[in-house]
K.L.:
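Please find one structure pasted underneath; my questions will follow.
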Amino acid sequence: MSAPRFTRPVHPWTPPLDNRQLTTVLNRLRAWTAFDGCAMLDDVAAVLDDVPPPETDTAQLAERLRGHLARLVTIAAASEAEQDTAAAQLVLRARTLHADSHPCGRQAVITHLRRLGWTANELHDRLVAIRCLKEAA
């Protein structure tokens, strides 16, 4: 007794991504870094402190805070947190601040840094409250 033979033609399997697309995915995975809530809180504390950060540190702080906001927005989108009205408003504010250019003048820079810090802190707190993110220590 022999096994039944299939008479329908079988198409050869083709991968869903070509070599270039796989390289892109691999490079993105290699460049990925996990969200570090403690580092975010340290940066927020640095910009919301009574004593403003030194002028030499402001550009780096702004870039790190923009990175924190981008990660928080990505987390909010992935977990569908924007269904929450407060979270949606904070995500919109974060996107707007992230897109803003670095202002000129010491006071404008400090004001911008504090807005970045407050928004990152509030969005983080909201994502924790609606259980999209674990609380940082």
K.L.:
How close do Met40 and Ala120 get, heavy atom to heavy atom, and via which atoms?
P.N.:
SD-O, 3.9 Å

K.L.:
Does the pair Leu116 and Leu61 meet the rule for a side-chain contact (heavy atoms from CB on, under 4.5 Å), with working shown?
P.N.:
CA-CA 10 Å; Leu116 288 168; Leu61 273 169; over 6 Å; no

K.L.:
Can you give me every donor-acceptor pair (side chain of residues 10-22, partner residue at least two apart or in another chain, under 3.5 Å) with its distance?
P.N.:
{"unit_1": "Asp18", "atom_1": "OD1", "unit_2": "Arg20", "atom_2": "N", "d": "3.1"}
{"unit_1": "Asp18", "atom_1": "OD1", "unit_2": "Gln21", "atom_2": "N", "d": "2.8"}
{"unit_1": "Gln21", "atom_1": "OE1", "unit_2": "Asp18", "atom_2": "N", "d": "2.9"}

K.L.:
Provide the closest heavy-atom pair for Ala87 versus Ile130 in the form atom of the first, atom of the second, distance.
P.N.:
CB-CD1, 4.1 Å

K.L.:
To the nearest 0.5 angstrom, please state how far the OG1 atom of Thr85 sits from the CD atom of Gln89.
P.N.:
6.5 Å

K.L.:
Measuring from atom CG of Leu97 to atom CG of Leu65, what distance do you get when rounded to the nearest 0.5 angstrom?
P.N.:
10.0 Å

K.L.:
Any side-chain heavy-atom pair from Arg114 and Pro52 closer than 4.5 angstrom?
P.N.:
yes

K.L.:
From Leu41 CG over to Asn121 CG, what is the distance, rounded to the nearest 0.5 angstrom?
P.N.:
6.5 Å

K.L.:
To the nearest 0.5 Å, what is the distance between CG (Leu90) and CD (Glu82)?
P.N.:
10.5 Å

K.L.:
If you count the non-hydrogen atoms of other residues, nucleotides and ligands that lie under 6.0 Å from CZ in Arg93, is the total more than 12?
P.N.:
yes

K.L.:
By the side-chain hydrogen bond (donor to acceptor under 3.5 Å, both in side chains) test, which pairs, at least two apart or in different chains, include something from residues 48-77?
P.N.:
Thr33-Arg71, Asp43-Arg64, Asp43-His68, Glu63-Arg66, Arg66-His112

K.L.:
What are the two closest non-hydrogen atoms of Ala94 and Val73, and how far apart are they?
P.N.:
CB-CG2, 3.7 Å

K.L.:
What residues form a side chain to side chain contact (heavy atoms under 4.5 Å, CB included) with Ala70, not counting sequence neighbours?
P.N.:
His98

K.L.:
Which residues, ordered by chain and number, are linked to Trp32 in its hydrophobic cluster, where ILVMFWY side chains connect at heavy-atom gaps below 4.5 Å, directly or through other members?
P.N.:
none

K.L.:
Going by the rule side chain to side chain contact (heavy atoms under 4.5 Å, CB included), which residues pair with Ala76 if we only count those two or more places apart in sequence or in a different chain?
P.N.:
Ala81, Val91, Leu127

K.L.:
Under the side chain to side chain contact (heavy atoms under 4.5 Å, CB included) test, which residues partner Thr24, sequence neighbours left out?
P.N.:
Arg28

K.L.:
Going only through I, L, V, M, F, W and Y residues with side-chain contacts under 4.5 Å, is there a path from Leu92 to Trp118?
P.N.:
no

K.L.:
Check Cys132 against Ile75 and note the closest heavy-atom contact, atom names and distance.
P.N.:
O-CG2, 3.9 Å

K.L.:
Which atom names give the shortest non-hydrogen contact between Ile110 and Pro53, and what distance separates them?
P.N.:
CD1-CD, 4.1 Å

